[in-house]
Colleague: 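I am attaching a structure below and will ask some questions about it afterwards.
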Amino acid sequence: MSLIVEDGTGKSNADAYVTLAECDAYHTNLGNSDWLIDAEDAANVAGRENAIKKATAFIDARYGGRFKGVRSTAEQALLFPRYGISDNDGYVLKNVPTAVKRATCEAALKLFLGTDLMPDLDRGGKVISETVGPISTTYSSGAPAGTKFEMIENLLRCCLNGGASVKMIRA
């Protein structure tokens, strides 16, 4: 089943922020060869497309409440495009911003390689002490549950409320 990619018009049936070709080009450029193994194999194509759909859903579910601006239409299936959103330099972000596309590609790679980006969590991450053989783990009582995906979050920073970026100052 092929992707229905958001093109900036606020599609009511969109299920992806990037095309397979865009994601392939992103990973080729970064040398992420695991993404492109047997790239023409039908099962591999379907697996990569499924990873893109799940990555898009992850971006919306994990970061949606923190995105700047508001959805462009009430009928659109995804959280982009958005109205009233600009990056930290003041440039208006239209359609699906490059940062969102790149973050989707990063999440898709993790999913394709078997990482569960939003697993069910036991005990909310508040384990005080656990020992299994020679390995011991202790969490503070206020430790947040889950994994933080630094690359994805940093790519999205310009689209998030409270997201800061490093601004270059010219001498």
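Side-chain atoms are counted along with the backbone in the values below, which use heavy atoms only and exclude waters and symmetry mates.
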Colleague: Assigning hydrophobic clusters by single linkage (Ile, Leu, Val, Met, Phe, Trp, Tyr; side-chain heavy-atom cutoff under 4.5 Å), is Ile52 placed with Leu113?
Modeller: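 Linked, Ile52 and Leu113 end up in one cluster.
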Colleague: Mark yes or no for whether Lys68, through its side chain, and Ser86, through its backbone, hold a donor-acceptor pair below 3.5 Å.
Modeller: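 A pair under 3.5 Å: yes.
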Colleague: In the single-linkage hydrophobic clustering (I, L, V, M, F, W, Y; side-chain heavy atoms under 4.5 Å), do Leu30 and Leu20 co-cluster?
Modeller: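 Leu30 and Leu20: separate clusters.
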Colleague: Do Asn88 side-chain atoms and Cys158 backbone N/O form a donor-acceptor pair below 3.5 Å?
Modeller: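 No, the answer is negative, given that no donor and acceptor are paired below the 3.5 Å cut-off.
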Colleague: Under the side-chain hydrogen bond (donor to acceptor under 3.5 Å, both in side chains) test against Tyr26, which residue among Arg102, Glu106, Lys101 passes?
Modeller: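 Filter result, single survivor: Glu106.
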Colleague: Could you see if Met118 belongs to whatever hydrophobic cluster contains Tyr63? Use Ile, Leu, Val, Met, Phe, Trp, Tyr and a side-chain cutoff under 4.5 Å.
Modeller: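 Result: yes, single cluster for both.
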Colleague: In Å and rounded to the nearest 0.5 Å, what is the CD to SG distance from Glu49 to Cys23?
Modeller: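 It comes to 10.5 Å.
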Colleague: Any donor and acceptor pair, going by atom type alone, linking the side chain of Asn32 with main-chain N or O of Trp35 inside 3.5 Å?
Modeller: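 Side chain of Asn32 to backbone of Trp35: no pair is present.
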Colleague: Lys110 and Leu117: side chain to side chain contact (heavy atoms under 4.5 Å, CB included), yes or no, with the steps?
Modeller: CA-CA 8 Å; Lys110 289 185 177 302; Leu117 299 180; 3.9 Å; yes
Colleague: Hey, is the main chain of Thr9 close enough, under 3.5 Å, to the side chain of Glu6 for a donor-acceptor pair?
Modeller: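 Between the backbone of Thr9 and the side chain of Glu6 there is a qualifying donor-acceptor contact (under 3.5 Å).
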Colleague: I'd like to know if the side chain of Asp87 reaches the main chain of Tyr91, judged simply by a donor and an acceptor atom lying under 3.5 Å from each other, with no hydrogens or angles considered.
Modeller: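 Indeed, once roles are kept as given, a pair shorter than 3.5 Å links the two residues.
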Colleague: Output all residues satisfying salt bridge (charged side-chain N to carboxylate O under 4.0 Å, His left out) with Glu75, sequence neighbours left out; order by chain, then residue number.
Modeller: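 Residues passing salt bridge (charged side-chain N to carboxylate O under 4.0 Å, His left out) with Glu75: none at all.
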Colleague: Please tell me whether Leu111 and Leu155 are part of a single hydrophobic cluster in this structure, the criterion being side-chain heavy atoms less than 4.5 Å apart.
Modeller: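 As far as the 4.5 Å side-chain criterion goes, Leu155 and Leu111 are not connected within one cluster.
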Colleague: Any side-chain to backbone donor/acceptor pair from Lys53 onto Leu3? Under 3.5 Å, distance only.
Modeller: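 Flag not set: sc Lys53 to bb Leu3 has no pair under 3.5 Å.
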Colleague: Please check this pair: side chain of Asp60 against backbone of Leu79, looking for a donor-acceptor N/O pair closer than 3.5 Å.
Modeller: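 A pair under 3.5 Å: yes.
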Colleague: Is Tyr17 reaching over with its side chain to a backbone N or O of Phe80, donor-acceptor style, under 3.5 angstrom?
Modeller: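 Pair found, side chain donor or acceptor close to backbone of Phe80.
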Colleague: Answer whether the closest heavy-atom distance between the side chains of Cys105 and Glu22 falls below 4.5 Å.
Modeller: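 Side chain of Cys105 against side chain of Glu22, heavy atoms only: no contact under 4.5 Å found.
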